[in-house]
Peer 1: 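Following this message is one structure expressed as structure tokens.
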Amino acid sequence: MKYYLIVGEASGDLHASHLMKSLKKYDNEAEFRFFGGDLMTAVGGTRVKHYRELAYMGFIPVLLHLPTIFKNMSLCKRDIQEWHPDAVILVDYPGFNLNIAKSVHRWRSKSQHPSPNTQVYYYISPKIWAWKEWRIKAIKRDVDQLFSILPFEVPFFEEKHHYPIHYVGNPTADEVRQFQRNYCENIQQFTTRINQLNAEQGITFCQPLDQRPIIALLAGSRKQEIKDNLPAMIQATRTLIGYQIVLAGAPSIEDEYYEPFLRDSRVRLVRNETYALLSHATAALVTSGTATLETALFRVPQVVCYETPLPRLIRFAFNHIIHVRFISLVNLIADREIVPELLADRFSVENIRRELNQLLPGQPARAKMLSAYNEVHQKLGEAVAPDNAAALMVDLLGKRGKSGQHENIGQ
């Protein structure tokens with residue numbers, strides 16, 4: 001069968017690449033075409049666009065790039081129509097992907113599509129439980145099956161909105177488990193290898209790694225996130241003695257973008273090695289997102305840092321408009337505060353420094369957080385998400401093919 005996948009950022013590329021591998025297990029004739037990244041390309045198929053050409057964050061960047069966004073959206077729709085896949089698989093990225101889902105639904109209802117039974121599957125669902133809950137109407141209308149990776153989404157969709165979904169397990173948890181099973185470097189081997197890689201890549205604007213304990217900085221995967229959060233993270237760690245500060249470089253960000261932030265600081269750079277870095281980190285400063293969950297799964301104590309414009313307004317929105325109490329996946333899964341969240345008006349260099357110092361070895365808050373991480377592990381479970389999702393998708397497509405009928409579970 002033919003699968004058309006659409007992702008908009010690095011984490012989506014990672015999760016989709018694993019899903020593609022799993023689809024191959026259950027469908028030996030699987031063909032792929034996608035808007036994605038290097039990891040998906042390595043699995044095989046045809047990449048139409050790289051996600052770097054899609055990812056714009058914030059109102060102003062999106063506004064400035066609207067012509068490009070609309071051009072990419074039109075290209076995607078046209079390409080789907082010409083390729084007529086059995087399934088369009090959407091991975092997060094709701095602003096773009098829900099528009100694609102709407103078009104596929106419209107073509108299908110008007111019999112304008114060469115393959116009228118093309119299914120729309122959403123893998124890693126839009127986070128409408130946080131805000132834009134009104135999008136549930138579009139999801140019910142345009143998405144045939146939704147595959148959730150967060151356990152608290154099941155009651156939100158099924159009990160509150162009467163929309164049946166599939167909880168398939170958490171792919172990040174499985175990815176971390178796989179990495180830990182295969183990773184065996186000690187810190188000396190890790191630092192030696194990274195220093196050699198940096199030298200080969202010509203990264204000369206930061207010092208080599210050494211053998212001191214590591215404080216990891218995970219400042220986001222988009223330029224705007226890095227610009228907003230990294231300077232304060234660096235400033236907050238300047239007074240730490242006895243540690244080396246190491247930044248996890250995002251796959252989609254070029255070295256040149258990091259250079260102005262890191263030059264004349266004592267921060268080191270590690271490229272495309274976030275899991276290895278977390279394996280050796282003593283503590284971390286993390287921008288909200290998948291990285292907060294990854295850090296917890298590696299059992300690294302963390303402070304969540306998320307700078308915003310108009311912090312007082314954002315705090316008001318968080319208290320009165322946004323429908324969740326937390327921004328980090330760790331706290332959302334636990335449904336209580338396990339890791340401190342320095343958002344909006346709580347975001348400051350002094351607050352970051354104070355919270356980080358409380359998580360260093362010997363501090364009571366460190367042991368408390370590490371113990372609470374067990375609760376997150378337990379709630380996520382041991383299921384292999386991409387395998388579960390792929391098996392369901394292939395089975396559902398097979399049943400659809402036999403019946404020749406389309407059924408939207410949200411109707």
Side-chain angles (χ1 to χ4, degrees), residues 2-20 23 32-37 39-40 45 47-58 61-62 65-66 68-81 83-109 113 118-150 153 157 161 163 165-166 168 171 221-222 252 289-290 385-386 389 393 408-410:
K2 298 164 72 172
Y3 305 89
Y4 200 108
L5 298 94
I6 307 169
V7 312
E9 59 185 359
S11 62
D13 181 37
L14 175 65
H15 297 322
S17 69
H18 289 301
L19 178 63
M20 290 163 68
L23 284 167
F32 302 114
R33 194 170 178 89
F34 52 88
F35 276 44
L39 297 175
M40 295 169 71
R47 188 175 76 203
V48 182
K49 280 279 184 179
H50 200 287
Y51 68 78
R52 292 193 193 100
E53 300 178 62
L54 308 177
Y56 301 106
M57 180 182 177
V62 168
H65 292 92
L66 274 178
T68 301
I69 293 170
F70 287 138
K71 181 179 178 181
N72 287 332
M73 201 172 286
S74 296
L75 169 63
C76 186
K77 293 174 183 177
R78 186 170 63 251
D79 200 53
I80 291 171
Q81 281 189 302
W83 201 55
H84 46 90
D86 294 283
V88 174
I89 301 175
L90 312 173
V91 183
D92 203 354
Y93 197 46
F96 190 97
N97 276 335
L98 285 176
N99 188 284
I100 300 298
K102 181 179 180 180
S103 292
V104 175
H105 176 82
R106 186 177 67 249
W107 300 332
R108 197 168 58 195
S109 63
H113 195 280
T118 294
Q119 300 290 282
V120 177
Y121 293 161
Y122 221 121
Y123 181 64
I124 306 181
S125 61
K127 299 172 180 61
I128 64 170
W129 35 263
W131 71 316
K132 297 186 178 180
E133 192 169 344
W134 47 264
R135 280 176 163 166
I136 186 63
K137 182 177 180 181
I139 292 172
K140 284 186 172 184
R141 182 190 65 221
D142 301 328
V143 175
D144 297 298
Q145 306 281 349
L146 191 150
F147 302 83
S148 167
I149 65 167
L150 296 169
E153 290 182 333
F157 282 103
H161 291 290
Y163 179 69
I165 68 172
H166 309 278
V168 294
S221 60
R222 298 185 178 100
S252 59
T290 305
M393 289 178 185
N408 188 312
I409 62 173

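Worth knowing before you read on, the calculation uses all heavy atoms, side chains too, and leaves out hydrogens, waters and symmetry mates.
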Peer 1: Look only at the side chain of D144 and the backbone of V120, and say whether a donor-acceptor pair between them is shorter than 3.5 Å.
Peer 2: yes
Peer 1: Of the non-hydrogen atoms in L5 and M20, which two are nearest, and what is the gap between them?
Peer 2: CD2-CG, 3.9 Å
Peer 1: Quick one: salt bridge (Lys or Arg N to Asp or Glu O under 4.0 Å) partners of K127, sequence neighbours excluded?
Peer 2: D92
Peer 1: State, to 0.1 Å, how close D13 and G36 come at their nearest heavy-atom pair, and which atoms those are.
Peer 2: OD1-C, 4.4 Å
Peer 1: Kindly give the heavy-atom pair with the smallest separation between E9 and Y51, and that separation in Å.
Peer 2: CA-CD1, 3.6 Å
Peer 1: S125 and L146: which non-hydrogen atoms are nearest, and at how many Å?
Peer 2: CB-CD2, 3.4 Å
Peer 1: Who pairs with H161 by ring-ring contact (aromatic ring centres under 6.0 Å, His included), at least two apart in sequence or on another chain?
Peer 2: F156
Peer 1: To the nearest 0.5 Å, how far apart are OH in Y121 and CD1 in I89?
Peer 2: 8.5 Å
Peer 1: Could I get the full list of side-chain hydrogen bond (donor to acceptor under 3.5 Å, both in side chains) partners for Y4, not counting sequence neighbours?
Peer 2: D79
Peer 1: Sequence neighbours excluded, which residues qualify as side-chain hydrogen bond (donor to acceptor under 3.5 Å, both in side chains) partners of S221?
Peer 2: none
Peer 1: Tell me every residue that passes side chain to side chain contact (heavy atoms under 4.5 Å, CB included) with S103, counting only those two or more places apart in sequence or in another chain.
Peer 2: K77, N99, R106, W107
Peer 1: Where is the tightest heavy-atom contact between P171 and A385, given as atom of each residue plus distance?
Peer 2: N-CB, 3.5 Å
Peer 1: Under 3.5 Å, side chain of D86 to main-chain N/O of K2, donor-acceptor pair present?
Peer 2: yes
Peer 1: Check ring-ring contact (aromatic ring centres under 6.0 Å, His included) between F96 and all other residues, then give those that pass, not counting sequence neighbours.
Peer 2: Y93
Peer 1: Indicate the ring-plane relationship of H166 and F147, choosing parallel, tilted or perpendicular according to the 30° and 60° boundaries.
Peer 2: parallel
Peer 1: Could you walk me through whether C76 and I80 pass the side chain to side chain contact (heavy atoms under 4.5 Å, CB included) test, one step at a time?
Peer 2: CA-CA 6 Å; C76 186; I80 291 171; 4.0 Å; yes
Peer 1: About how many Å separate CZ of F157 and NZ of K140, when rounded to the nearest 0.5 Å?
Peer 2: 10.5 Å
Peer 1: Could you tell me the separation between the CG atom of L98 and the NE2 atom of H105, rounded to the nearest 0.5 Å?
Peer 2: 13.0 Å
Peer 1: Find the distance between CG (D142) and CZ (R135) and round it off to the nearest 0.5 Å.
Peer 2: 12.5 Å
Peer 1: What residues form a side-chain hydrogen bond (donor to acceptor under 3.5 Å, both in side chains) with Y122, not counting sequence neighbours?
Peer 2: none
Peer 1: Excluding sequence neighbours, so at least two apart, what forms side-chain hydrogen bond (donor to acceptor under 3.5 Å, both in side chains) with S17?
Peer 2: none
Peer 1: Run through L19, L39, V91, V7 and flag the one making a side-chain contact (heavy atoms from CB on, under 4.5 Å) with L14.
Peer 2: L39
Peer 1: Hey, could you give me the CG/CD1 distance between N97 and I139, rounded to the nearest 0.5 Å?
Peer 2: 11.0 Å
Peer 1: Strictly distance-based, threshold 3.5 Å: is any side-chain N or O of H50 a donor or acceptor partner for the main-chain N or O of R52?
Peer 2: yes
Peer 1: Taking all non-hydrogen atoms of both residues into account, name the closest pair between I165 and S148 and its distance.
Peer 2: CD1-CB, 3.7 Å
Peer 1: Mind checking what makes salt bridge (Lys or Arg N to Asp or Glu O under 4.0 Å) contact with R47, not counting sequence neighbours?
Peer 2: D38
